[in-house]
Amino acid sequence: MERLVKSALEESSLLLKVAVVVIAAGLLFAAVRQRLYPQPLPWLPYNQEAKGRLFGDLPSLMSWHKKYGEQRKWYQAQCLKLNSPMVQVFLHPFDGKPSILLCDHREIRDILMKRYKEFDRGNREQNAFGALLPQQFLSIQTPTPKFKFHKELMKDLMLPGFLNDVNAPEIYRKSIALLDLWKAKTIIANGRPFDVKWDIHKAAFDIIMAVSFGLKDEDSCTIKQLRATLAEDNPRASRQVDLNEPYKFSSLAMDPEGQAVLDLTESISVGFSSPIPYIHSWILLHMPPLRNAVQVKEQMTRRQIDGAVAKLPPTDEEAQRNAKTGLEYLIFRERASARKSGREPNYHSRYIYDELFGYLIGGHDTTSNSLAWGLMYLADIEGPQKKLRSKLKEAFPEAAREKRQLTLDEITKANVPYLEAVNEEILRFSVVIPVVSRKAVCDTTILGHAIPKGTEVEFVFNGPGFLKPQLPVNNELRSETSKLSKIRDWARDDVDQFLPERWLDTDHNGNEVFDALKGPMMTFGGGPRGCYGKRLAYMEMRIILALLVWNFEFLPMKSQRRPFGLLENITVEPSECLIKIKTLIQ
Ligand code: HEM
């Protein structure tokens, strides 16, 4: 009997052990599954097929990329597909947490501008830029002393004094060089279109190099290109051949430093398309071609800094008064900050190198691609270009009568609401950075849904509400500040059309006025982490646009080949920018 009991006890304890192991394994499996597989938040729509996949929505995003050659329209397509202004997606392999996509313009604006204490800079940008620019303020969280320090370091570069006294004349001078280049090319092309994408890009690059470091004419890419185009024996195109056939001009190679900046700028694009952005970028930057580009960039920055330090006047007042370039301001701010905190200035610190490079990157790719898209809209969409030219003639009657070039003073002082409206509509329509992110820094809610701390929220600027009809939202679910918003929806029937008039109003004296708050447009993001360079971008686009439309007529290419293909790098850029030009002012 005793033996029987003993053996039963042994058996049951074995069973118990097996049971414990099975339960533990089951729990472990459930925990791993919970961690690795998508775990949707309740009540928020998601793609059902993503739930059972370790890779969540990634396969869908990848097949979209394969089909359309881009990823950034996929985000808005999910809100449309699930018919909801807010959905959840799973884009990080082996991470069960969702990212939220938000397509409602009112809520987006409210979160970026009013609820920024609940939502800080997200992983998307940090992952994309962090490997190349770990010490640029884009990669730094907002409520930190470090962020404040970086903003202080960079603050002079967007102040009206520097913008008006240094940036505007440089923008004007470099734009005149671009006009000269296109006038020369137009004579050679003799009525045929040519691709101006790289010309615009190089002009924007000249501008940002000039305002960052100062740029002599002989180092300007546009002037070098003009000289090369004139020196090359480019035969004048025959009028007998197809006038729609693009004339192919050769593009002068950039010097090694310029090329290094462009290569490194382009390398950031993997940070926006790779499922493992930071690691992917880091590996690329340590492979020979980009490793070399990093070295060239470091040497260039060192040389420029040494030059600026050598010229730095002894007193801060003098240094501030005499500063003529972005770098000179940065150096002066570093010395002032060091003096204040009783330390030695560190002109070769990582943060100065990274802020300078961030300024170079932010300052040319965005503006040049917005302009390239804008030129194609103006060429092909009947109406706005002609109307803008006639508004410019009304604003500058003397220059029109004398058939002469506009001066910088005329452009900067004039009040031409239609010019602002065209500029704004180009920015709304081209939206070269269509998705930006924030991360919830506490448990919170959006449109009545609980959003756990740490959740990544992607704000989508190229879909419903901005370029497509708004998706319905129950207003009761909005935050209190969002309920107070006065921004109205665009009309459903013309939201997808290029219509500068949408930005115009009439004041109480019956005058036409530009109103930037007429409707939703978030091309620069918003709030404390909105675009740092917005003022420079507006100034640059306005001056270039006025000069281009004054000097040239851009002829439509509707019936011809206009692929409207795009490339995704840091920004969404046209694959080419074919323009047929007629010169109006010699
Ligand atoms: C048409 C031109 C431009 C467009 C469309 C554009 C767009 C944007 C967008 C969408 C963001 C993210 C905003 C957010 O997260 O809320 C951003 C951030 C930024 N932009 Fe721009 N940008 C332009 C021009 C410039 C220029 C000219 C510069 C500098 C010279 C610049 C420097 C920056 C920097 C440093 C940030 C990061 C700000 C931060 O993290 O606090 N951008 N820009």
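Atoms within each ligand, like the ligands themselves, are counted from 1 in listed order. Not measured: the values here are computed from a predicted model. We're numbering straight along the sequence, starting at 1.
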Starting from [atom], find the nearest protein heavy-atom neighbour and note its residue, name and distance.
atom                    : result
atom 41 (O) of ligand 1 : Arg529 NE, 2.8 Å
atom 7 (C) of ligand 1  : Thr523 O, 3.5 Å
atom 1 (C) of ligand 1  : Ser370 OG, 3.4 Å
atom 32 (C) of ligand 1 : Gly533 N, 3.8 Å
atom 25 (C) of ligand 1 : Gly362 O, 3.2 Å
atom 35 (C) of ligand 1 : Gln136 NE2, 3.5 Å
atom 6 (C) of ligand 1  : Phe524 CD2, 3.7 Å
atom 34 (C) of ligand 1 : Tyr532 CB, 3.7 Å

Is there a donor-acceptor contact under 3.5 Å from the side chain of [X] to the main chain of [Y]?
X      : Y      : value
Asp120 : Lys439 : no
Asn551 : Leu547 : yes
Asp156 : Leu330 : no

By number and element, which atoms of ligand 1 are closer than 4.0 Å to a non-hydrogen atom of [X]?
X      : result
Phe137 : 35 (C), 38 (C), 39 (C), 41 (O)
Gly525 : 10 (C), 13 (C), 14 (C), 16 (O)
Gly526 : 16 (O)
Tyr359 : 30 (C)
Val436 : 10 (C), 12 (C), 15 (O)

May I ask you to identify, for [X], whether its side chain, its backbone, both or neither come under 4.0 Å of ligand 1 on a heavy-atom basis?
X      : answer
Cys531 : both
Arg121 : side chain
Leu427 : side chain
Glu125 : neither

* Asked: Of the listed options (Thr366, Ile433, Asn369), which comes nearest to atom 2 (C) of ligand 1 when hydrogens are ignored and any heavy atom counts?
  ->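 Among Thr366, Ile433, Asn369, the closest heavy atom to atom 2 (C) of ligand 1 belongs to Thr366.
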* Would you say Arg438 has any N or O atom under 3.5 Å from an N or O of ligand 1, going by distance alone? ->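 Between Arg438 and ligand 1, an N or O pair is found under 3.5 Å apart.
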* Working to the nearest 0.5 Å, report the span between CE of Met376 and CD of Glu576. =>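 Here the interatomic distance stands at 8.5 Å.
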* Are side-chain N/O atoms of Asn462 and Lys73 paired as donor and acceptor at under 3.5 Å? ->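 No, no side-chain donor-acceptor pair sits under 3.5 Å.
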* Do Thr571 and Asn369 have a side chain donor and acceptor closer than 3.5 Å? ->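 Yes, Asn369 and Thr571 have a side-chain donor paired with an acceptor closer than 3.5 Å.
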* Asked: What heavy-atom pair brings Lys197 and Pro574 nearest, and what distance separates the two atoms?
  ->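 Minimum heavy-atom separation between Lys197 and Pro574: NZ-O, 2.8 Å.
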* **Minimum heavy-atom distance between Glu424 and Met521, given as atom pair plus value** =>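 Shortest heavy-atom contact: OE2-CE, 3.2 Å.
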* Describe, in one word, how the ring planes of Trp503 and Phe514 are oriented to each other, choosing from parallel (under 30°), tilted (30 to 60°) and perpendicular (over 60°). =>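 Rings of Trp503 and Phe514: tilted, 30 to 60°.
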* Fit a plane to each ring of Phe498 and Tyr377, take the angle between them on a 0 to 90° scale, and name the class: parallel (under 30°), tilted (30 to 60°) or perpendicular (over 60°). =>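 Correct class here is tilted.
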* To do: With salt bridge (charged side-chain N to carboxylate O under 4.0 Å, His left out) as the test, would you mind laying out the steps for Asp354 and Arg350 before giving the verdict?
  => CA-CA 6 Å; Asp354 285 1; Arg350 188 73 263 144; 3.1 Å; yes
* To do: State yes or no: are the ring centers of Tyr538 and Phe524 separated by less than 6.0 Å?
  =>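 Yes; Phe524 has its ring centre under 6.0 Å from that of Tyr538.
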